[in-house]
Amino acid sequence: MATFVSRSQWGARAPRSVSNNITPAQGGVVVHHVDAVKVARASHADCAAQVRGIQNHHMDSNGWSDIAYSHLACVHGYVFQGRGENVRTAAQGTTQGNDDWYAVCALTGGTTSNYDTITPQLIDAIRYAVNRLRVSGGAARAITGHRDHHATECPGALYARVLSGEVNPGGGPLPYPGVSFRQPPTFVHASVATWQYRMNSRFGYALSTDGQYGPGSDAACRDFQADRGLTVDGIVGPNTWAAAFS
């Protein structure tokens, strides 16, 4: 079980302002990492200072009201309280992302070939944070990576753990996000980008991972449904989602 570290325990500064204008039942939780270089601390004794440094950067360099994330998770199995539940984030890079989604940041980083070790304790901490945001913050079941919202490689090597559902509190596979994708009109949702990436990487399609479910995604869905013996209706509902992520 992960250990929760409150703002007072890690020495957080007071936020300049707090916005409760967030509708996480329409989104869910986004997984982030810190950087494209390795950042995980060898000793947990150094993690609180790392979180304070992130808050200082966000407030003093970026001009934000507080640390951007809802919670942060370290490789030693601790969850650091960020903005917390029912508070709008500043992490996703889009207005809709910040309006509808919480943010959990792993205190890890690196490149595909040189990434911090993703420990079981880190996965437990992310799961704890996601569950807390669902139970106490009303988050929908959808889990995405930052890259599903914005042009970025974040959360790096952790994205594979998102796709597998490993970061879901109940384990994999990745749960159905609670919204069906259909068109017309073009349906826009970050979980569409997660599905598009999965269709490309696992099944060889060549979809734009833009989070927009239009004619191209509809055609791929129908082809996939026919191949899997599913009802061919062009709608990514629970059964089609499950077939893609099983």
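Numbering of residues begins at 1 and proceeds along the displayed sequence. The structure displayed is predicted, hence computed values, not measured ones.
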*asked:* Looking at Arg16 and Asp60, is any side-chain nitrogen of the basic one under 4.0 Å from a carboxylate oxygen of the acidic one?
replied: yes
_Regarding Ser180 and Tyr176, do their side chains bring together a donor and an acceptor under 3.5 Å, going by distance alone?_
yes
*In the hydrophobic cluster built from side-chain contacts under 4.5 Å, what are the other members alongside Val232?*
none
*Ignoring hydrogens and angles, tell me if any N or O in the side chain of Ser70 forms a donor-acceptor pair with the backbone of Gly82 under 3.5 Å.*
no
*Apart from Val87 itself, what residues make up its hydrophobic cluster when side-chain heavy atoms of I, L, V, M, F, W and Y under 4.5 Å apart count as a link, directly or indirectly?*
Val18
_For Glu153, I'd like to know if atom CD has over 12 heavy atoms of other residues, nucleotides or ligands within 6.0 Å._
no
*Distance-only side-chain donor-acceptor flag, Ser8 / Ser6, under 3.5 Å*: yes
_Donor + acceptor pair across side chains of His150, Thr94 (<3.5 Å)_ = no
*Does a donor on one side chain sit under 3.5 Å from an acceptor on the other, for Gln196 and Ser217?*
yes
_I'd like to know if the side chain of Ser208 and the backbone of Asp210 have a donor-acceptor N/O pair within less than 3.5 Å._
no
*Check Arg83, Arg13, Gln55 against Asp66 for a side chain to side chain donor-acceptor pair (under 3.5 Å) and give me the one that passes.*
Gln55
*Is there a donor-acceptor contact under 3.5 Å linking the side chains of His32 and Gln92?*
yes
